[in-house]
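Below is one structure, written out as structure tokens, with a few remarks after it.
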There are 2 protein chains.
Amino acid sequence: MNSVVAINHRARSSEQKALRRHAVLETAEMYFKEVGYETFSMAQLAKKAGLAKGTLYLYFKTREELFLTLYEQSLIRWSQTFIETLSNTMTSKAYAQSLYKTTQADGVFLPLLIRLEHVIEHNVSIPRLVESKRVFIHQVEAIAEVTSSALRLNTEQALEVVKTMGVLLIGATQTDQSPALDNEELPTDVQHLITSFSSEPLFTKNAARIIEGIRAEGISGV
Amino acid sequence: MNSVVAINHRARSSEQKALRRHAVLETAEMYFKEVGYETFSMAQLAKKAGLAKGTLYLYFKTREELFLTLYEQSLIRWSQTFIETLSNTMTSKAYAQSLYKTTQADGVFLPLLIRLEHVIEHNVSIPRLVESKRVFIHQVEAIAEVTSSALRLNTEQALEVVKTMGVLLIGATQTDQSPALDNEELPTDVQHLITSFSSEPLFTKNAARIIEGIRAEGISGV
DNA sequence: TATATAGTTGACCGCCGGTCATTTAATATT
DNA sequence: AATATTAAATGACCGGCGGTCAACTATATA
């Protein structure tokens, strides 16, 4: 039940506070993976972390600032993982597949990315938002640099690819968020619709089209 | 305050009930345009509609079923508008621009589309969900048919274009959902980021790339 | 006018995110 | 060792949420 193992009693030094904050984030991530964004409650998190609800608000101003922190962590974590999968010469398809696969493997990144702009950012202080955007800029630039050599594009093109992949990813994985209707309670026409919106081919096919489009524009000088 | 003009007293016939339901939906749409999805409350809606809260639940099982209905209405409305803008021979760019412009013009369609799969569909009965999916299928097919002649693509290609445009639209307009920070309280690097994610060029550029990609695949027989 | 039917109501429920006076553990001072 | 000081932690409390349902009452019928 109690996931706060680092500190048993009061956190006094800033070091101890950082540890406690970290422990809360770990518990929150586990809990989030269990129940998802909408069901996640601060009272439940407090219980799971072995703290009182009020204590959570000593470490995070709002529920959304907590989620923004989780998002940042997952963005950084995923970026590193993705970059490690990139080699010096790749096809657009291989690039897109690796991007898709690594985002899917991280159980936190995509669900938070999808909710970032229309939910999470709306209950967060402006300085905190600015800080988060800067983390985003930094990660995008890091990915763009490796993308440049992976796909043999100039810096500008690589940057556009990375930004566009993010956009496409959000759109393509939207369908994965539908309620799980494992059983065969759906009529065949609707089942067919759902399979035709399968996110994996939807993403990889169009990612390749976009990358090739950007590459072609670079050649012709558009 | 009271937007229910059609019926002053009890709705007894199924006709009157339909009228009242319709009046509630109209009030809900106005109210939604005012405050958006997260702030929208059933108690406030009841007040604005001049009804008791409990009465709303005679016409809609849940808040989400109400939103699903608003979404369906806006989908149908937008589809018709969009189809009317299509001519028999268009460039990919003109097609994409018209699609973008018409969705932006409808203040309800996009905000609900974005929340459809990960919020709205999760508190809705399965029969109602199936019904909604069928409306979606029908609209997609109608748009695909006109798209086919507008972009000179075969049926299959046109269908893929329409589905993909939806995905891209959701991704590209994500940034528009960020909190409005009109003033100059943001540092220039973050401002630059935001403008570089401007949804209009993001959508139209990549829409054109994807359409041309699909067209090219058709020619080469991929 | 009396009765039956069914549309409407709003007090009520459990739970939410968030607050803050109070408690109390850990440190500093004597 | 005893005491004073500090601030981390607490949890009762707040307003508001989506949703429910016994009671009420407007209307149609007899």
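All of these numbers come straight from a predicted model, not from anything done at the bench.
The interatomic distance linking A/L66 (CG) with C/dG18 (P) rounds to 10 Å, in whole Å. Look at CD on A/Q16: it is 15 Å from P on D/dA7, rounded to the nearest Å. In this structure, A/M42 places its CE atom 10 Å from P of C/dT19, rounding to the nearest Å. In this structure, B/F67 atom CZ and D/dG18 atom C1' are separated by 12 Å, rounded to whole Å. Atom CZ of B/R20 is separated from atom P of C/dT8 by 5 Å (rounded to the nearest Å). Between the CZ atom of A/R21 and the P atom of D/dA9 there is a distance of 14 Å, given to the nearest Å. A/E65 has its CD atom 14 Å from the C1' atom of C/dG17, to the nearest Å. What separates NZ of A/K17 from C1' of D/dA9 is a distance of 12 Å, to the nearest Å.
A donor N or O paired with an acceptor N or O is found under 3.5 Å between the base of D/dG19 and the side-chain atoms of B/K53. Judged by atom type and distance alone, A/R12 does not reach the base of C/dT27 through any side-chain donor-acceptor pair under 3.5 Å.
Each of B/E84, B/H138, B/Q139 was compared with B/S79 under the side chain to side chain donor-acceptor pair (under 3.5 Å) criterion, and only B/Q139 meets it.
In terms of modelled atom types and a separation under 3.5 Å, the side chain of A/E117 and the main chain of B/Q177 share no donor-acceptor contact.
Of the candidate nucleotides D/dT10, C/dT9, C/dA26, C/dT9 has the atom nearest to the side chain of B/L51. Of the listed nucleotides (D/dA8, D/dT25, C/dG17), D/dA8 has the atom at the smallest distance from the side chain of A/R10. For A/H9, taking side-chain heavy atoms from C-beta onward, the closest of the listed nucleotides D/dC17, D/dA9, C/dA26 is C/dA26.
At a threshold of 4.0 angstrom between heavy atoms, the contacts of B/F40 are confined to the sugar-phosphate backbone, with no base atom among them. Contact annotation for B/Y59: backbone-only contact, meaning every heavy-atom pair under 4.0 Å involves sugar-phosphate atoms and none involves a base.
For the pair A/Y57 and B/T55, both in contact range of DNA chain C, the more 5′-proximal nearest nucleotide belongs to B/T55. In this structure, A/A52 and B/S41 both approach DNA chain D, and ranking their closest nucleotides by distance from the 5' end singles out A/A52.
Using cut-offs of 30° and 60° for the angle between ring planes, the A/F32 and A/F67 rings count as perpendicular.
Aromatic ring centres of B/Y95 and B/F82: separated by under 6.0 Å.
Ionic pairing of B/E121 and B/K133 is present here: one or more N-O contacts between side-chain nitrogen and carboxylate oxygen are shorter than 4.0 angstrom.
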